[in-house]
Amino acid sequence: IAPAFTIYFWELNKYGKLGWAITLIYSICCVIRLARFNLTKIDNSESWKQNYFQGIPSPIGGILILLPLIYELSEFSKVFNIRLITPYLVVIISLLLISKFPTFSFKKISIQPKLTIFILFLIGLSFVSLMFFTFETILVLGLFYFITIPIAFYTFLKQDKKQKNDFNEDEHEDIL
């Protein structure tokens, strides 16, 4: 709820009751998201789905609705007036919270041993950039997450189709 109130006091309060309604929409969607997360069960036959969330997670949603404020605090703020799209962005992120859109959860991620040094380098680079370019780094990471949403949707559909094809092949083998 804190990110919603931060955005409200920063920008949405200028919209009066509409700004308050947008803040409440985000808050309600966040509660619904958390309730659905606690009630979701995944069958053992579909264990690959554990690598995906339904909708964006609440902590990521909090970071994403703060992106306009983070953008304004960054050095990029002279490029575009983000305040104009802030209410729309909050509503879109609220809807993504409660959507059935698959997003990566990275719960069961497996990294090849060859890539370990590269991943460690990226983690170290991220920490250093967070120290010296905090707002710019958070903004880039938030935009990167936005880019992963369609990628997650595509890979989810691909794996779901593969799972259904494997199930249909097994079903035909049992008959013969």
Side-chain angles (χ1 to χ4, degrees), residues 1-7 22-71 86 88-131 133-170:
I1 304 291
F5 283 114
T6 303
I7 288 295
I22 292 170
T23 304
L24 286 176
I25 288 170
Y26 173 80
S27 301
I28 291 168
C29 289
C30 199
V31 168
I32 292 170
R33 166 76 182 105
L34 290 172
R36 185 178 64 204
F37 175 75
N38 288 331
L39 297 174
T40 302
K41 281 189 174 181
I42 298 175
D43 289 338
N44 290 336
S45 63
E46 295 180 321
S47 63
W48 61 272
K49 286 186 178 179
Q50 289 180 345
N51 281 332
Y52 298 93
F53 289 122
Q54 286 183 355
I56 60 175
S58 298
I60 298 292
I63 292 170
L64 292 180
I65 69 163
L66 288 175
L67 283 183
L69 176 61
I70 292 169
Y71 174 81
T86 299
Y88 304 108
L89 187 64
V90 172
V91 169
I92 289 169
I93 292 168
S94 299
L95 294 175
L96 283 173
L97 280 169
I98 60 171
S99 72
K100 297 276 185 164
F101 241 83
T103 58
F104 291 121
S105 71
F106 303 110
K107 288 179 183 176
K108 291 190 171 188
I109 190 168
S110 61
I111 300 172
Q112 296 176 357
K114 296 179 198 176
L115 296 177
T116 305
I117 191 74
F118 181 69
I119 298 294
L120 288 173
F121 174 73
L122 286 177
I123 291 170
L125 186 65
S126 297
F127 281 127
V128 170
S129 64
L130 275 170
M131 289 172 56
F133 307 104
T134 306
F135 298 119
E136 293 82 1
T137 304
I138 294 171
L139 186 66
V140 168
L141 291 175
L143 293 175
F144 176 75
Y145 188 82
F146 264 126
I147 292 169
T148 65
I149 292 173
I151 295 169
F153 183 72
Y154 173 75
T155 59
F156 181 87
L157 290 178
K158 188 175 163 183
Q159 286 183 343
D160 194 38
K161 187 176 180 181
K162 180 183 174 195
Q163 176 84 10
K164 288 178 182 176
N165 286 342
D166 290 346
F167 179 74
N168 288 337
E169 287 176 10
D170 290 343

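Bear in mind that the values here come from a model prediction, so they are computed numbers and not experimental data.
In this structure, Phe104 and Tyr145 approach most closely via the heavy-atom pair O-OH, 4.3 Å. Contact record, Thr116 with Pro113: OG1-O, 3.2 Å, taken as the closest heavy-atom pair. For the pair Leu89 and Pro68, the tightest heavy-atom approach, listed with the atom from each and the gap, is CD2-CG, 3.4 Å. When all heavy atoms of Pro102 and Phe153 are compared, the closest pair comes out as CD-CD1, 3.5 Å. The heavy-atom pair separating Pro57 from Thr103 by the smallest distance is CD-OG1, 4.1 Å.
Counting non-hydrogen atoms of other residues, nucleotides and ligands closer than 6.0 Å to CG of Leu120 gives a total above 12.
Atoms CD1 and OG1, from Ile1 and Thr6 in turn, are 11.0 Å apart once rounded to the nearest 0.5 Å. Taking CG of Leu24 as the reference point, atom OG of Ser94 lies at 10.5 Å (rounded to 0.5 Å). For the atom pair CD1 (Ile98) and CD1 (Ile25), the distance works out to 9.5 Å, reported to the nearest 0.5 Å. Between the CG atom of Leu64 and the OH atom of Tyr26 there is a distance of 8.5 Å, given to the nearest 0.5 Å. Here Cys30 contributes atom SG and Ile65 contributes atom CD1; the two are 8.5 Å apart, rounded to the nearest 0.5 Å. The CD1 atom of Ile138 lies 9.0 Å from the CG atom of Leu66; values are rounded to the nearest 0.5 Å.
Residues that satisfy the side-chain hydrogen bond (donor to acceptor under 3.5 Å, both in side chains) test with Ser58, not counting sequence neighbours, are absent from this structure.
With contacts defined as side-chain heavy-atom distances shorter than 4.5 Å, the pair Leu67/Phe146 qualifies. In this structure the side chain of Ile7 reaches within 4.5 angstrom of the side chain of Leu69, judged on heavy atoms. Residues Ser105 and Tyr52 are not in side-chain contact: their nearest non-hydrogen atoms beyond the backbone lie 4.5 Å or more apart. Between Ile149 and Leu96, some side-chain heavy-atom pair lies under the 4.5 Å cut-off.
Checked options Arg33, Arg36, Gln54; the residue passing with Leu97 is Arg33 (criterion: side-chain contact (heavy atoms from CB on, under 4.5 Å)).
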